[in-house]
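What you are looking at is a predicted structure, and each value in this text was computed from that prediction instead of being measured.
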Amino acid sequence: FMQGYGNAVAIKGGTVGLAYYLFKRKNFGIDRFTAITGGGFVITALTLGVAGLAGSAYPAALTGPVRPRISLLFCLITAGALGLILLPRLRIRMGRAGEFVTAVFEGWNVLKSARSNILKLIILEICILATFAARYWVVFRTFGQPLDLLSAFLLAPPAYLTQMVNFTPM
């Protein structure tokens with residue numbers, strides 16, 4: 001039951017509890033928390049998209065076969081993340097929901113202005129991808145399957161993407 005519940009809920013890892021704690025104890029607005037959490041997801045998506053494009057282009061440059069669906073997926077991820085990053089300031093006037101969305105975008109604009117922090121997040125995401133690659137390299141070697149380190153790096157972006165999004169049914 002709990003596994004099914006965990007797969008049905010998009011927000012995992014104590015996100016709701018952390019938002020509640022920050023709101024009650026630190027007077028940190030939910031809109032700002034949403035902007036920061038969403039901003040982290042956008043940075044992750046951008047890093048995954050670019051790494052996935054590089055990973056799908058590299059074998060194509062060596063041997064010729066291109067995987068168009070995978071390349072298209074990572075192109076869409078990169079374009080979506082860049083679109084959100086380059087999005088201009090928005091003001092939505094639709095009552096309380098519009099105010100919340102506007103506040104989230106204002107928080108995102110504050111995040112975007114801190115370019116050094118975005119660069120640090122991208123570097124951390126690359127480190128996470130390297131960790132995924134090392135993990136797959138070790139696992140393949142443990143089971144006696146040959147896998148060079150470059151191939152492990154090519155596996156990392158799609159593997160990380162599947163960790164971020166739930167694909168399993170309830």
Side-chain angles (χ1 to χ4, degrees), residues 1-22 28 32-86 104 107-108 111-112 114-170:
F1 170 74
M2 288 308 290
Q3 180 65 32
Y5 176 75
N7 288 333
V9 178
I11 301 171
K12 295 196 288 188
T15 306
V16 173
L18 179 60
Y20 181 78
Y21 170 80
L22 289 173
F28 195 80
R32 290 177 59 202
F33 178 78
T34 305
I36 290 170
T37 305
F41 183 77
V42 169
I43 298 301
T44 300
L46 177 65
T47 306
L48 278 177
V50 171
L53 280 174
S56 62
Y58 181 75
L62 292 180
T63 60
V66 177
R67 306 257 188 241
R69 290 184 183 143
I70 292 175
S71 297
L72 178 63
L73 171 70
F74 286 114
C75 275
L76 291 173
I77 290 170
T78 303
L82 283 174
L84 287 172
I85 288 171
L86 300 174
V104 166
W108 172 239
L111 268 176
K112 284 192 321 188
R115 295 196 191 283
S116 65
N117 288 339
I118 290 176
L119 181 62
K120 289 174 189 173
L121 283 173
I122 290 172
I123 290 169
L124 285 173
E125 290 296 334
I126 291 169
C127 290
I128 291 170
L129 280 173
T131 303
F132 262 78
R135 183 172 95 178
Y136 283 107
W137 184 78
V138 168
V139 168
F140 272 72
R141 294 288 184 154
T142 300
F143 288 107
Q145 297 297 316
L147 181 72
D148 59 294
L149 202 51
L150 181 61
S151 295
F153 273 100
L154 299 178
L155 283 173
Y160 188 32
L161 180 65
T162 60
Q163 295 284 325
M164 288 178 53
V165 180
N166 287 323
F167 288 113
T168 54
M170 289 180 23

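Here Ile122 contributes atom CD1 and Arg115 contributes atom CZ; the two are 10.5 Å apart, rounded to the nearest 0.5 Å. For the atom pair Leu124 CG and Leu119 CG, the distance stands at 10.0 Å (nearest 0.5 Å). Put simply, CG on Leu147 and CZ on Phe153 are 11.0 Å apart, with the number rounded to the nearest 0.5 Å. A distance of 9.0 Å separates CG in Leu73 from CG in Leu53, rounded to the nearest 0.5 Å. With rounding to the nearest 0.5 Å, the separation of CG in Leu129 from CG in Leu48 is 5.5 Å.
A pairwise comparison of heavy atoms in Glu125 and Thr44 identifies OE2-OG1, 2.8 Å as the closest pair. Across every non-hydrogen atom of Ala133 and Ala152, the tightest pair is O-CB, 3.3 Å.
Screening Leu121, Val50, Thr47 for a side chain to side chain contact (heavy atoms under 4.5 Å, CB included) involving Ile126 leaves a single residue, Thr47.
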